[in-house]
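Okay, so here's the structure we're looking at.
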Amino acid sequence: QVQLVESGGGLAQAGGSLRLSCAASGRTFRRLAMGWFRQAPGKERAFVAAIDWQAINTYYADSVKGRFTISRDNAKNTMFLQMNSLKPEDTAVYYCAVDGTSVKVRTKPTYWGQGTQVTVSS
């Protein structure tokens, strides 16, 4: 089992920045791929970004490329999402997720956090 806890959400103005964190506990974190998803009101949960366990490969949704950066610190069992140049359409609940492979974590991850709200005002 893996337990995931997100933090860092809040309110930001358009053009501003926020940094999300996801702390993992339980199963060995080091060899798990990790990712971020988001769900806006009335919409389905959507993939945002993912990173493999060695932090060699990263993946991004087209809508966030060049604005968001995913990273991880395996020594601290923590993953981050640096969000810059925020737009009102980035408003959503952001969830972190983990699974054994980067393919699985981008499509149908097994473990989820409880989510953190990000609201971007225009």
Any donor-acceptor N or O pair under 3.5 Å, side chains T78, D73: no

Closest non-hydrogen atom pair, [X] against [Y]:
| X | Y | value |
| --- | --- | --- |
| W36 | I70 | CD1-CD1, 3.7 Å |
| S85 | S17 | N-OG, 4.4 Å |
| R38 | A92 | CB-CB, 3.8 Å |
| S122 | A14 | CA-CB, 4.2 Å |
| L86 | A12 | CD1-CB, 3.8 Å |
| A50 | V105 | CB-CG1, 3.8 Å |

Using atom types as modelled and distance alone, determine if a side-chain donor or acceptor of [X] lies under 3.5 Å from a backbone N or O of [Y].
| X | Y | answer |
| --- | --- | --- |
| T119 | T91 | no |
| D52 | N57 | yes |
| N77 | S25 | no |
| N74 | Q54 | no |
| E6 | C96 | yes |
| Q114 | V5 | no |

If you measure from the Lys or Arg side-chain nitrogens to the Asp or Glu carboxylate oxygens, is any gap between D62 and K65 under 4.0 Å?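 Counted as a salt bridge, because a side-chain N and a carboxylate O are separated by less than 4.0 Å.
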
Treating Ile, Leu, Val, Met, Phe, Trp and Tyr as nodes and any side-chain heavy-atom pair under 4.5 angstrom as an edge, say whether [X] and [Y] lie in one connected cluster.
| X | Y | value |
| --- | --- | --- |
| F47 | I51 | no |
| L32 | F37 | no |
| L81 | M34 | yes |
| Y95 | M83 | no |
| M79 | V2 | yes |

In terms of the angle between their ring planes, are F68 and Y94 parallel, tilted or perpendicular, with boundaries placed at 30° and 60°?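 Taking Y94 first and then F68, their aromatic rings sit tilted (interplane angle of 30° to 60°).
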
To the nearest 0.5 Å, tell me how far D99 CG sits from R106 CZ. 12.0 Å

